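The structure appears right after this line, and notes come after that.
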Amino acid sequence: MRKAHTVSSYLIHKLSAYGVRHIFGVPGDYVLGFYKELENSQIEVINTCDEQGAGFAADAYARVSGLGAVCVTYCVGGLKVANTTAQAFAEKSPVVVISGAPGTNERIKTPLLHHKVRDFDTQLKIFEQLTVASTVLNDPQTACREIDRVFSAAERYKRPVYIELPRDMVHYPVIAGRQIQGGTPASDAVVLQEALHEAIALINAAKRPVIIAGVELHRFGLQDMLLRFLEKSRIPVASTILSKSVLVENHPQYLGVYEGAMCRDEVKEYVESSDCLILLGVFMSDVNLGVFTAKLDQGKSVCADSEKVTIRYHNYEGIVLGDFIGGLTKANIRKRKDARIPHPPFPKLPVPMAKKQVTVRYLFQRLNSFLDDNSIVIADPGDAMFGAIDMTIHNATEFLSPAYYTSLGFAIPASLGAQSARPDLRPLVLVGDGAFQMTGMELSSIARYHLDPIIVVLNNQGYGTERPMLDGRFNDVHMWDYHRIPEVLGAGKGYEIRTEDQLEEALQEAQKHTDSFCILNVHLDQQDRSLALERLTTTLSKRIR
Ligand SMILES: Cc1ncc(C[n+]2csc(CCOP(=O)(O)OP(=O)(O)O)c2C)c(N)n1
Ligand SMILES: [Mg+2]
């Protein structure tokens, strides 16, 4: 006998079956009934101050544990997670967006119900653009099948999905039928053989092949396969900023982050002088490629992602990424012995000096040595992200940053999501003052759920990334006493930092203080910036003027 379900119990059952243990959101009257069902379930509801915070938290949760979920009310809440869902779509992070909605029985004669924008399906139409599958659960006959369908799509494409739940459907009984089988389709065997044949010949003929490991290897669970390929071939490997930490960064074959003109010279030279580039699951996006300063020659490239395989100028369709990498791993690939890996950055930690103002470079050097096996680094776009490029992350998948879509305000709520998913990790959050002012209030949620991230606010008095492009008063932000936020929240520890020795003291205290979050307000010179940002903004400013 199949278990009797209601629409909501089936949806909750499905979330649990996919490993979701926390759901983020803000309730409203159109979704209160479903919140009560959630409260009575195994899934923990994490209330955020604002829906955008919930959306970013769910995105980070998905990146860390495979699937995330956010639950909001109709339009006033739903439209606030449009941006975070867009980011999850762009960066392939599977988030289930559940939105309450007016009941099917309330929609007769189109009354002007609160939160309605234009038509009852306005929000649905928007989310159709932002997700890979969407549904309105307005029919108990099809509800289970619809839920199965959208979850399968999230799993297969690693992208967000949208489920709208009219409030009168929550307790409707449903019959769960046979589950639709999801998963990935098989590769076309002939095309796969042909592509592998061409790729293997190119790789074996090359003198200095290099792998660039992209973020899809993480999203599609192919990191172990990558390690096997590395082990077998001994080919050196770089990551991109979006895929940073796709493999452990102290791996003996790891070169560092490759990002065109933005990365370290040694990595740039090694990659760009290679006679065979093997790009696996890489997003060919502007920031990922150093704003197109990357010099990657297609004529020397084997490029495989979840959509297609391109070898030199030949396209192969219908190949599953895992089958391609698996094929390379099994093939007779020549083992390399002569790769000379550049030294890691930040070899020696400078002694902290009293009265010496903290610079961006010093800050990252010091933070790099602060990391341990339990750290997960979460960086907001801005110099927080660029400065973090050269940090050495100890374990795989322990660096999160929206390096393609680059929405500010990700990092603080992402630490809520990441630490809910992985309580064994302590987030080190790197955030600009501008970004902090967008979603920093989620520190309140972090306090409420007793999490203990360490927040480093890079306080350079405004939108530092934009100043070298085009400056004006519009790049200033109001000065806050970030270190005094714990006074307002009644939780957390704050530190104001201007000099190297103050930074030292604060970090040592923060390391010991695990009862609550710690926030370090690090004053930086307005003109100071990381080397990577210096290079990026010079390139961008040439295009704007
Ligand atoms: C939501 C959002 N709004 C605006 C931007 C455009 N933007 C890119 S960088 C930047 C400045 C960020 O300032 P801050 O967080 O202080 O970091 P900094 O550049 O100073 O390192 C802005 C406004 C964006 N990326 N995301
Ligand atoms: Mg700033």
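Small disclaimer: the values here were computed from a predicted structure and weren't measured. For reference, positions follow the sequence shown, starting with 1. Values below: all heavy atoms of this structure, side chains included; hydrogens, waters and symmetry mates excluded. Whatever order the structure lists ligands and atoms in, that order sets their numbers, starting from 1.
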Where ligand 1 meets G434 - atom numbers and elements under 4.0 angstrom, heavy-atom basis:
14 (P), 15 (O), 16 (O)
Give the residue, atom name and distance (to 0.1 Å) of the protein heavy atom nearest atom 13 (O) of ligand 1.
Y463 CD2, 3.3 Å
With a heavy-atom distance limit of 4.0 Å, tell me whether R529 approaches ligand 1 through its side chain, its backbone, both, or neither.
neither
Can you tell me if G409 has a non-hydrogen atom under 4.0 Å from ligand 1?
no
Cation-pi check, K116 onto F120 ring (under 6.0 Å, within 45° of axis)
yes
Looking at atom 15 (O) of ligand 1, what's its closest protein heavy atom, distance included?
A435 N, 2.8 Å
Find all atoms of ligand 1 within a distance of less than 4.0 Å from any non-hydrogen atom belonging to D383, and give their numbers and elements.
21 (O)
Is the shortest N/O to N/O distance between G462 and ligand 1 below 3.5 Å?
yes
Which of D390, I393, L371 passes side chain to side chain contact (heavy atoms under 4.5 Å, CB included) with E249? It is I393
Numbered atoms of ligand 1 (with element) below 4.0 Å of N460, judged on heavy atoms
18 (P), 20 (O), 21 (O)
Kindly compute the distance separating NE2 (H478) from CH2 (W480), expressed to the nearest 0.5 Å.
9.0 Å
Can a side-chain donor-acceptor contact be found between D383 and S530 if the only test is distance below 3.5 angstrom?
yes
Between F151 and Y18, what is the ring plane arrangement, given parallel below 30°, perpendicular above 60°, and tilted in between?
tilted
Going through the distances and angles, do K355 and E500 end up as a salt bridge (charged side-chain N to carboxylate O under 4.0 Å, His left out)?
CA-CA 7 Å; K355 300 210 177 77; E500 292 180 0; over 6 Å; no
Compute whether any side-chain donor of one residue and acceptor of the other, for N83 and S407, lie under 3.5 angstrom apart.
yes
closest protein heavy atom to atom 8 (C) of ligand 1 is E466 OE2, 3.8 Å
May I ask you to identify the nearest protein heavy atom to atom 10 (C) of ligand 1, giving residue, atom name and distance to one decimal place in Å?
L408 CD1, 3.6 Å
Side-chain donor-acceptor contact under 3.5 Å, E164 with S99
no
Candidate with minimal heavy-atom separation from atom 3 (N) of ligand 1, of M438, M385, Q87
M438
Aromatic centroids of H114 and Y74 separated by under 6.0 Å
no
For atom 19 (O) of ligand 1, which protein heavy atom lies nearest, and how many Å away is it?
T465 OG1, 2.3 Å
What's within reach of the Mg ion (ligand 2), meaning protein N/O/S atoms under 2.8 Å?
D433 OD1, N460 OD1, G462 O
How does T406 reach ligand 1, by side chain, by backbone, by both or by neither, if only non-hydrogen atoms under 4.0 Å count?
backbone
Can H22 and Y61 be counted as having a side-chain donor-acceptor contact under 3.5 angstrom?
yes
Donor-acceptor pair between Y254 and S239 side chains, under 3.5 angstrom:
yes
Return the CG to CD distance between L451 and E442, rounded to the nearest 0.5 Å.
12.0 Å
Nearest heavy atom to atom 20 (O) of ligand 1, choosing from G464, P468, G432, belongs to G464
Out of V477, I519, D380, which residue meets the side chain to side chain contact (heavy atoms under 4.5 Å, CB included) rule with F436?
I519
